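Take a look at the structure below.
Position 1 is the first residue of the sequence, and the numbers go up from there. Values in this document were obtained by computation on a predicted structure and should not be read as measured data. The figures here come from the full heavy-atom set of this structure, side chains too, leaving out hydrogens, waters and symmetry mates.
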Amino acid sequence: MVKKTNIFPKNKEHFKKLLPFAKKILLILKENKINFVIYSSYATFFHTKDESLRVHDIDILIKEKDYPKVMQALEKSKFKFKFMPEWDTLEIKKEKLKIDIDRMGKGCKGIKQGSLPKKTVSADFYGIPVKLVTIQDLYDTYYRGYKLVPEEKVKLGKKVQYLKKFMSKK
């Protein structure tokens with residue numbers, strides 16, 4: 001069953017500007033047969049339906065082997081991007097709007113490095129069918145980051161606690 005999103009995060013005006021930009025990128029991925037999964041803040045918002053959350057950007061996971069294909073497709077579509085190999089991230093910006101396309105690295109224990117999660121949630125991203133990480137994979141990813149990245153410990157710790165609290169309610 002495909003779950004629809006018809007609510008908006010707290011930063012509704014920014015998010016409404018982000019949507020058309022994100023949709024263009026998602027359609028490029030789909031047209032070029034590049035499998036992807038949405039994760040991070042949008043996935044948190046989608047799973048919790050918490051309209052007090054903010055979604056500043058869209059974070060997308062792809063298979064490691066698809067990076068050259070993504071870059072080629074973006075160049076062909078005239079999108080400017082910056083590849084940051086130290087973060088396994090391809091950043092696409094347009095003014096204050098941002099999409100990050102990440103390779104599946106050492107993120108969470110249930111996802112094999114270089115691949116995509118086997119278990120996902122099908123969703124309607126404001127008119128575009130997409131897949132999102134499960135709330136458990138999201139929690140595991142944030143928890144792993146909390147353990148591994150000291151400079152992000154406070155920020156990721158809050159996300160871990162938030163998801164833990166939310167998951168215990170279900």
Side-chain angles (χ1 to χ4, degrees), residues 1-23 25-27 29-30 34-64 87-92 96-170:
M1 184 176 110
V2 175
K3 297 180 182 179
K4 289 191 175 199
T5 309
N6 56 7
I7 61 171
F8 292 92
K10 185 174 184 170
N11 58 335
K12 183 177 182 175
E13 294 311 310
H14 172 78
F15 190 76
K16 281 187 168 183
K17 292 175 187 170
L18 179 63
L19 277 176
F21 181 56
K23 287 179 178 184
I25 301 301
L26 296 174
L27 289 173
L29 296 175
K30 284 182 170 288
I34 298 165
N35 291 323
F36 64 90
V37 178
I38 297 175
Y39 77 115
S40 202
S41 62
Y42 178 75
T44 301
F45 170 69
F46 177 86
H47 286 297
T48 65
K49 306 290 188 252
D50 182 349
E51 294 177 74
S52 72
L53 295 177
R54 295 176 186 270
V55 178
H56 296 287
D57 62 357
I58 303 296
D59 297 280
I60 300 168
L61 289 173
I62 64 167
K63 294 177 185 175
E64 188 171 359
W87 294 104
D88 282 336
T89 298
L90 194 146
E91 183 181 76
I92 310 160
K96 293 182 179 182
L97 309 175
K98 187 174 85 145
I99 309 292
D100 283 336
I101 300 179
D102 302 324
R103 306 188 253 225
M104 190 60 233
K106 301 174 185 105
C108 92
K109 63 184 177 188
I111 305 171
K112 186 178 149 203
Q113 188 171 340
S115 66
L116 292 176
K118 286 182 174 49
K119 191 174 181 183
T120 58
V121 174
S122 294
D124 179 314
F125 182 82
Y126 305 90
I128 297 177
V130 297
K131 295 198 181 294
L132 285 87
V133 296
T134 64
I135 196 162
Q136 185 63 56
D137 281 345
L138 194 57
Y139 173 85
D140 291 346
T141 301
Y142 284 141
Y143 186 74
R144 183 167 171 80
Y146 170 79
K147 292 285 197 185
L148 293 176
V149 186
E151 62 272 16
E152 295 287 323
K153 202 168 191 87
V154 172
K155 180 179 161 187
L156 291 172
K158 287 178 184 175
K159 291 180 181 189
V160 165
Q161 289 305 313
Y162 174 79
L163 285 173
K164 188 175 187 178
K165 188 170 96 179
F166 179 81
M167 289 166 37
S168 70
K169 289 179 185 177
K170 286 196 142 195

For a 4.5 angstrom cut-off between non-hydrogen side-chain atoms, does [X] reach [Y]?
| X | Y | result |
| --- | --- | --- |
| Phe166 | Ile135 | yes |
| Glu51 | Phe8 | no |
| Val133 | Val121 | no |

As an exercise, state the distance from [atom1] of [X] to [atom2] of [Y], rounded to the nearest 0.5 Å.
| X | Y | atom1 | atom2 | value |
| --- | --- | --- | --- | --- |
| Leu19 | Lys23 | CG | NZ | 6.0 Å |
| Leu61 | Thr141 | CG | OG1 | 7.5 Å |
| Lys159 | Leu156 | NZ | CG | 6.0 Å |
| Asp57 | Glu91 | CG | CD | 9.0 Å |
| Ile25 | Leu90 | CD1 | CG | 9.0 Å |
| Asp137 | Thr134 | CG | OG1 | 3.5 Å |

Donor-acceptor contact below 3.5 Å, side chain [X] vs main chain [Y]:
| X | Y | value |
| --- | --- | --- |
| His56 | Phe15 | no |
| Asn11 | His14 | no |
| Lys17 | Lys12 | no |

Could you list the donor-acceptor pairs under 3.5 angstrom formed by side chains in residues 37-45, with sequence neighbours left out?
unit_1, atom_1, unit_2, atom_2, d
Tyr39, OH, Asp102, OD2, 2.2
Ser40, OG, Asp59, OD2, 3.4
Ser40, OG, Tyr142, OH, 3.4
Tyr42, OH, Thr5, OG1, 2.9
Thr44, OG1, Ser40, O, 3.1

Is the cationic atom of Lys131 (NZ for Lys, CZ for Arg) positioned less than 6.0 Å from the six-membered ring centroid of Phe36 and within 45 degrees of its normal?
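That pair does not qualify as a cation-pi contact.
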Residues two or more places apart in sequence or in another chain: which of them pass side-chain hydrogen bond (donor to acceptor under 3.5 Å, both in side chains) with [X]?
| X | answer |
| --- | --- |
| Lys98 | Asp100 |
| Tyr126 | none |
| Asn35 | none |
| Lys10 | none |

Check against side chain to side chain contact (heavy atoms under 4.5 Å, CB included), Thr48 and Tyr162:
CA-CA 10 Å; Thr48 65; Tyr162 174 79; 3.4 Å; yes
Quick one: do the Tyr143 and Lys147 side chains pair a donor with an acceptor below 3.5 Å?
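A pair is found: one side chain offers a donor N or O, the other an acceptor, under 3.5 Å apart.
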Between Leu132 and Thr120, does a side chain to side chain contact (heavy atoms under 4.5 Å, CB included) hold up when you go through it step by step?
CA-CA 6 Å; Leu132 285 87; Thr120 58; over 6 Å; no
For Glu152, which residues count as a salt bridge (Lys or Arg N to Asp or Glu O under 4.0 Å) partner, sequence neighbours excluded?
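Per chain and number, Glu152 pairs via salt bridge (Lys or Arg N to Asp or Glu O under 4.0 Å) with Lys155.
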Could you tell me whether Lys158 atom NZ has more than 12 heavy atoms of other residues or ligands within 6.0 Å of it?
no
Under the side chain to side chain contact (heavy atoms under 4.5 Å, CB included) criterion, do Ile101 and Ile92 qualify, and how do the steps go?
CA-CA 8 Å; Ile101 300 179; Ile92 310 160; 3.8 Å; yes
